[in-house]
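First listed ligand is number 1; within each ligand, the first listed atom is number 1. What's counted below: heavy atoms across the whole structure, side chains too, no hydrogens, waters or symmetry copies.
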Amino acid sequence: MISISHLSKTYKNPDGSTLQVLKDVTCEIASGEVISIIGPSGTGKSTLLRALNLLDPPTGGSIIFDGEDILAKGYPIHRMRQKMGMVFQGFNLFEHMTVLENVIYAPCKIRKMSPEQARSEGMALLRKVGIAEKADASPASLSGGQKQRVAIARCLAMRPEVILFDEPTSALDPTMVGEVLSVIRQLAKEGMTMLIVTHEMKFARDVSTRVFYMQDGIIYEDGPAKQVFEAPRRSATKDFVQRIRKEVFEIDGPDFDFLDMGSRIQQFCLKYNIPEISNRAPVLCQMMMPAFLEIDKPLTVRITHSELFGDVFLDFMVEDLGESPLDAALRKEIAPLCKDVIEETTTRGFRVRLKME
Ligand code: ADP
Ligand code: MG
């Protein structure tokens, strides 16, 4: 359906210097594919989508869409715009129109659809994204998740062959991410061709047929979702997809500021959106501390969160220690607060690992 070869994009800065954002992007996209585009920020993901639908035309290379060279002189951009929809991070709804008017505006204006037919199709689309009851409301009265669902309905109203999503959930309150992803999931099931720039790793793994990992203006790795996430071929991809967030505390004795450690662990949990652990983790630390302080050796406490797998571990590590400092009473006390307790010797000493999630 889309064939991209040696695409490049260079921006000119006001001072005359240049910035090459897309270096050499080559890929084929078949009808029905759901492709997630992942990668660190600033690597050209948005630029690639904007180049594809000619919002920001590329400076080199070619794009063939449905057999037509869309970069050729004289190619009618409106033809491509009808076939390729785009959903933005910031919704971009028309604030002065109602929800339904937002959805039927383009079909009436550009597709010359009759108002009756546009309204009836528009209502069907609003029902599909679960927001028909707000048809006559103003976008200002909607939540972020509802606005994004309207933006998706508006995009579908043009009956596109392919939809580009640029971080559709990044501007949303975390509680509203799910409702938007479930609409996109439904479209994937129905066979819609989609390119989705996203930081939602679990979603990307579950919904995509293929994943592009972008870095430094190229598609650095391209493969089936399962392979890119579970067995990435290149080390940069691996570091990115298995990105593990952590916070480490080195404790050298009883004078350490344990209260500060408790609040930093709490902040960590809130920052990475694992609030259910934010109270339990500091409490567990407090319970564990006496047993470790008794050994009188430096202790490392570490909390890690893997976004992809959703794991949270609280680790207590002591070098040159051969046996667990936990006794039966303590084990019994902490068990109900953890999913699992793993006590093990490591190459450097001993580790007690509390699986929190
Ligand atoms: P991503 O979406 O992967 O985070 P972008 O495609 O938005 O990255 O941007 C890639 C790089 O291009 C960034 O360094 C950004 O500052 C630069 N860039 C994007 N748009 C413009 C522009 N209109 N003019 C100059 N530089 C730009
Ligand atoms: Mg971007």
### Task
May I ask you to identify the nearest protein heavy atom to atom 7 (O) of ligand 1, giving residue, atom name and distance to one decimal place in Å?
S46 CB, 3.6 Å
### Query
Can you get from V25 to L164 by hopping between Ile, Leu, Val, Met, Phe, Trp and Tyr side chains that sit under 4.5 Å apart?
yes
#### Entry: S41-ligand 1 polar pair, N/O distance under 3.5 Å
no
### Task
Considering only non-hydrogen protein atoms, determine which one is nearest to atom 23 (N) of ligand 1 and report residue, atom name and distance to 0.1 Å.
Y11 CE2, 3.4 Å
### Task
Please state which part of V21 comes within less than 4.0 Å of ligand 1, counting heavy atoms only: side chain, backbone, both or neither.
side chain
### Query
With respect to atom 5 (P) of ligand 1, which of D166, L19, T47, T18 exhibits the smallest heavy-atom separation?
T47
### Query
Is K355 salt-bridged to D340, cutoff N-O under 4.0 Å?
no
### Task
Answer with yes or no whether the hydrophobic clustering places V162 together with L52; edges join I, L, V, M, F, W, Y residues whose side-chain heavy atoms lie under 4.5 Å apart.
yes
### Message
With a 4.0 Å cut-off on N to O distance, would you call E179 and R149 a salt bridge?
### Response
yes
### Message
Side chain or backbone, does T43 bring an N or O within less than 3.5 Å of an N or O on ligand 1?
### Response
yes
### Query
So, are K271 and E247 salt-bridged, with charged N and O less than 4.0 Å apart?
no
### Message
Just checking Q286: does its CD atom have more than 12 heavy atoms from other residues, nucleotides or ligands closer to it than 6.0 angstrom?
### Response
no
### Message
For atom 1 (P) of ligand 1, what's the nearest protein heavy-atom neighbour? Residue, atom name and distance, please.
### Response
G42 N, 3.4 Å
#### Entry: Ion pair check, D320 and K297, cut-off under 4.0 Å
no
### Query
Which residue holds the protein heavy atom closest to atom 8 (O) of ligand 1, what is that atom called, and what is the gap in Å?
G44 N, 3.3 Å
### Query
Short check: any N/O/S atom of S41 below 2.8 Å from the Mg ion (ligand 2)?
no
### Message
Protein non-hydrogen atoms only, distance under 4.0 Å: does atom 15 (C) of ligand 1 have such a neighbour?
### Response
no
